[in-house]
Amino acid sequence: MLPAFGWHAVLTQWQFAPVVTVAVILAAAGYLWGAWRVARRHPARPWPWWRTTAFLGGLAVIVLATQSGIGVYDDVLAWVHMVQHLLLLMVAPPLLIAGQPVTLLLHASRNPLHTWAKRAVRSRIATFLTWPPVGLVAYCATIVGTHLTALSRLILQNQTLHNAEHVVYLVVGYLFFLPLLGQEPIKWRVPYPIRLLILALAMPVDTFTGLVLLYANQGDVVPTGPRPTGAPAPVQDLHWAGSIMWIGGDALMLVYMMIVLWMWARDDRASLGGWLEAARRANFEELVGGRARTPAPVPQHQSAPAPGQSEPAPANQGAIDDDEHLAAYNEYLARLNAATPEPGRRKP
């Protein structure tokens with residue numbers, strides 16, 4: 001029988017998972033090699049240290065969720081099982097995405113690996129898998145399918161399915177958050193309002209799943225092994241798991257929505273002020289464009305360009321002359337005033 005679960009058990013009760021350990025070591029070694037190679041090739045612009053920290057942090061979360069006390073107790077405590085799900089689905093993938101491993105691979109590699117990686121990122125399969133609607137559907141199906149269907153019982157009774165569930169959480173979480181939080185060279189450049197909308201659409205799935213588990217009864221409890229000392233009753237344990245999914249899942253989504261808003265505010269190309277300024281300039285150009293965009297006459301004494309040379313562009317092409325724009329705008333206002341009849345005066 002396991003001892004009572006707590007921080008001491010998380011740090012002292014460890015299990016060895018060879019596949020996870022080897023995968024994490026290879027990923028960390030490959031990433032550090034790429035960062036070292038970029039720093040060697042570009043000493044003035046080395047790979048950002050905070051991206052390396054984020055990627056290694058994501059790998060650490062995977063180890064913590066699968067091999068620490070959380071991984072030991074996830075078969076006997078439903079609420080610990082739910083904590084593991086949130087770590088693998090909603091915490092580790094965004095950290096890995098922040099590390100930009102694909103961009104690092106493209107910067108650090110040479111042919112033929114560089115060409116292969118570029119083709120893989122731009123392939124039809126990658127384009128389809130990183131399409132935001134596909135990620136949203138996969139996220140919702142994973143949450144509901146692994147918690148509210150008969151599959152959840154099979155996962156707890158079959159260790160192979162349980163391990164496969166961990167892989168599915170990591171892959172689905174990565175594909176879901178990649179076009180929303182990442183800056184990898186994929187095809188999709190999702191507008192920030194759409195990113196917020198997708199995150200908002202995913203929140204009710206977490207809430208619904210959490211509420212269903214929160215109001216579960218005795219018949220919904222899956223039999224497990226011997227329960228640790230001080231563990232809650234099976235039904236209460238399931239209720240705690242529902243609360244963690246509801247509150248924890250929605251809280252993480254709110255955090256990511258705040259990150260998207262922060263990214264939006266830092267992006268000058270997508271800022272509201274830049275958009276309004278561009279719209280104002282376009283409208284002004286349309287109103288006064290007839291006169292302001294009239295090119296200056298070319299002097300007759302100017303010689304024609306020599307064969308093989310392009311004709312020189314006028315000096316004021318593409319420039320904005322404030323005096324000409326102001327005069328044209330005044331003419332536009334005069335036309336508006338002439339077209340508007342004075343109050344009390346009838347048209348002839």
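In what follows, residues are counted from 1 in the order of the sequence shown. Quantities reported herein were computed from a predicted structural model and do not represent experimental measurements. Computation of the quantities below employed the complete heavy-atom set of this structure, encompassing side-chain atoms and omitting hydrogens, waters and symmetry-equivalent molecules.
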Answer with yes or no whether the hydrophobic clustering places I194 together with L178; edges join I, L, V, M, F, W, Y residues whose side-chain heavy atoms lie under 4.5 Å apart. yes

Would you check if the distance from the ring center of H107 to the ring center of H42 is below 6.0 Å? no

Side chains of L32 and L56: does their closest heavy-atom pair fall under 4.5 Å? yes

Given 3.5 Å as the limit, does a donor-acceptor pair link the side chain of H162 with the main chain of Q157, or not? no

Would you check if P193 and W264 make a side-chain contact, meaning some heavy-atom pair closer than 4.5 Å? yes

State which residues pass side-chain contact (heavy atoms from CB on, under 4.5 Å) with A54; sequence neighbours excluded, sorted by chain then number. A98

State yes or no: do F177 and F128 share one hydrophobic cluster built from I, L, V, M, F, W and Y residues joined by side-chain heavy-atom distances below 4.5 Å, directly or via other members? yes

Can you establish whether the number of heavy atoms outside F208 located under 6.0 Å from its atom CZ is more than 12? no

Tightest non-hydrogen contact, residues T52 and A35, listed as OG1-CB, 4.2 Å

Once you round to the nearest 0.5 Å, how far does CG of L161 lie from CZ of R153? 15.0 Å

Step through the shown structure and confirm whether more than 12 heavy atoms of other residues, nucleotides or ligands are within 6.0 Å of CH2 on W188. yes

Where T130 and P179 come nearest, the two heavy atoms and their spacing: O-CG, 3.6 Å

Tell me whether the count of non-hydrogen atoms from other residues, nucleotides or ligands lying under 6.0 Å of CG in L26 goes above 12. yes

Please indicate whether R40 has more than 12 foreign heavy atoms, meaning atoms of other residues, nucleotides or ligands, lying under 6.0 Å from its CZ. no

Heavy-atom side-chain proximity of L175 to V134 below 4.5 angstrom: no

Side-chain (E184) to main-chain (V102) donor-acceptor, under 3.5 angstrom: yes

Between T142 and H147 the two heavy atoms that sit nearest each other are O-ND1, 4.5 Å

Got more than 12 heavy atoms from elsewhere within 6.0 Å of NE2, H114? yes

Output the distance between atom CG (L64) and atom CD1 (I70), rounded to the nearest 0.5 Å. 4.5 Å

Following the transitive rule for hydrophobic clusters with a side-chain heavy-atom cut-off under 4.5 Å over Ile, Leu, Val, Met, Phe, Trp and Tyr, establish whether V19 and V61 coincide in one cluster. no

Apply side chain to side chain contact (heavy atoms under 4.5 Å, CB included) to residues R37 and L104 and explain how you reach the verdict. CA-CA 10 Å; R37 188 174 178 86; L104 177 62; over 6 Å; no

Is there a side chain to side chain contact (heavy atoms under 4.5 Å, CB included) between M258 and L261? Walk through the geometry before answering. CA-CA 5 Å; M258 297 300 296; L261 289 174; 4.2 Å; yes

Which atom pair, heavy atoms only, marks the closest approach of G182 to I97? CA-CG2, 3.4 Å

At their closest point, which heavy atom of P185 faces which heavy atom of V121, and how far apart are they? O-CG1, 3.1 Å

With rounding to the nearest 0.5 angstrom, report the OG1 to CD1 distance, T207 to I143. 11.0 Å

Before we go on, tell me: are the rings of F5 and W79 under 6.0 Å apart, centre to centre? yes

With a 4.5 Å heavy-atom cut-off, do Y169 and T146 have their side chains touching? yes

For the CZ atom of F16 and the OG1 atom of T66, what is their distance to the nearest 0.5 Å? 11.0 Å

Check: W47 side chain, W36 main-chain N or O, donor-acceptor pair, under 3.5 Å: no

Run the numbers on L213 and W240 for side chain to side chain contact (heavy atoms under 4.5 Å, CB included), then give the verdict. CA-CA 8 Å; L213 298 177; W240 287 8; over 6 Å; no

Validation row: Q13, P3 side chains within 4.5 angstrom (heavy atoms): yes

When hydrophobic residues are tied together by side-chain contacts of less than 4.5 Å, even through go-betweens, does V205 share a cluster with L201? yes

Is the closest side-chain heavy-atom distance between N217 and V235 below 4.5 Å? no

I'd like to check K187 versus R122 (side-chain heavy atoms, cut-off strictly below 4.5 Å). Are they in contact? no

Does the side chain of F55 reach to within under 4.5 Å of the side chain of L59, using non-hydrogen atoms? yes

Under 3.5 Å, is there a donor-acceptor pair between the side chain of R51 and the main chain of Q100? no

Does the S152 side chain pair with the main chain of L148, one donor and one acceptor, at a distance under 3.5 Å? no

Considering the options Q67, Q15, H166, which one meets the side-chain contact (heavy atoms from CB on, under 4.5 Å) requirement together with V20? Q67

Evaluate F176 against L89 for side chain to side chain contact (heavy atoms under 4.5 Å, CB included), listing each step before the verdict. CA-CA 10 Å; F176 174 69; L89 182 64; over 6 Å; no

How far does OG1 of T127 sit from CZ of R124, to the nearest 0.5 angstrom? 9.5 Å

Could you state whether L105 and Y31 fall into the same hydrophobic cluster, counting links through intermediate Ile, Leu, Val, Met, Phe, Trp or Tyr residues with side-chain heavy atoms under 4.5 angstrom apart? no

To the nearest 0.5 Å, how far apart are CE in M245 and OG1 in T209? 6.0 Å

What heavy-atom pair brings G145 and L151 nearest, and what distance separates the two atoms? O-CB, 3.6 Å

A quick test of your reading: do over 12 heavy atoms of other residues, nucleotides or ligands sit less than 6.0 Å from CH2 of W116? no

